[in-house]
Amino acid sequence: VEAMLRLRAVVLRAVWLVVAAEGLTKSLELFSPAKINLFLRVMGKRDDGFHELASLFQAIDLGDTLTVSPSNGPADEFACNIPSLSGNDNLVTRAFAKFREKTGSSQRFEAFLEKNTPVEAGLGGGARGS
């Protein structure tokens with residue numbers, strides 16, 4: 001799990017660098033697969049309030065798709081096929097703000113989340129940074 005999180009962070013940094021250097025000129029579609037935990041153990045609480053986990057899981061074909069597009073609007077916008085998840089205070093819009101902070105870019109974004117993974121079904125549908 002830790003190796004996957006490090007890989008994800010490296011990929012996200014690479015995307016940030018490309019977007020910052022060249023700009024996002026068209027939509028970027030990202031798929032996040034659901035997962036089935038084969039093993040999960042809570043190891044202990046970290047200093048940041050989160051818990052260390054030991055886990056073994058298998059990704060499955062079901063998942064969520066996040067589409068990100070450049071925007072000329074004054075603010076980032078986020079929408080979802082599940083209306084209760086729409087709004088502009090979430091991990092996606094916070095990531096856009098962090099992107100601007102780290103890169104110095106003024107680029108604004110529109111994002112749409114096609115949510116297919118049920119939340120609270122044990123498939124990782126509520127735990128991802130989608």
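Computation of the quantities below employed the complete heavy-atom set of this structure, encompassing side-chain atoms and omitting hydrogens, waters and symmetry-equivalent molecules.
Atom CZ of R41 sits about 14.5 Å away from atom CG of L56, to the nearest 0.5 Å. Going from atom CZ of F50 over to atom NZ of K45 covers 10.5 Å, rounded to the nearest 0.5 Å. One finds the NE2 atom of H51 at 12.0 Å from the CE atom of M43 (value rounded to the nearest 0.5 Å).
Note on F99 and L113: same hydrophobic cluster, where clusters join Ile, Leu, Val, Met, Phe, Trp and Tyr whose side-chain heavy atoms are under 4.5 Å apart, directly or indirectly. Hydrophobic clustering, with ILVMFWY side chains joined whenever heavy atoms are under 4.5 angstrom apart, keeps I82 apart from F112.
The main-chain N or O of K115 is found under 3.5 Å from a side-chain atom of N81 such that the two form a donor-acceptor pair. Under the 3.5 Å distance criterion, the side-chain polar atoms of D76 are left unmatched by any main-chain donor or acceptor of R108.
No close placement of the F96 and F78 rings is indicated, their centers lying 6.0 Å or farther apart.
Residues F31 and E29 form no side-chain contact, since every pair of their non-hydrogen atoms from C-beta on lies 4.5 Å or further apart.
Every salt bridge (charged side-chain N to carboxylate O under 4.0 Å, His left out) that R46 has, sequence neighbours left out, goes to D48. The side chain to side chain contact (heavy atoms under 4.5 Å, CB included) check on L40 picks up N37, L53, S55, with sequence neighbours excluded.
The two residues A111 and L66 come nearest to each other via the heavy atoms CB-CD1, 4.0 Å. The two residues N90 and T93 make their nearest non-hydrogen contact at OD1-N, 3.0 Å.
In Q58, the CD atom is not crowded: 12 or fewer heavy atoms of neighbouring residues, nucleotides or ligands sit closer than 6.0 Å.
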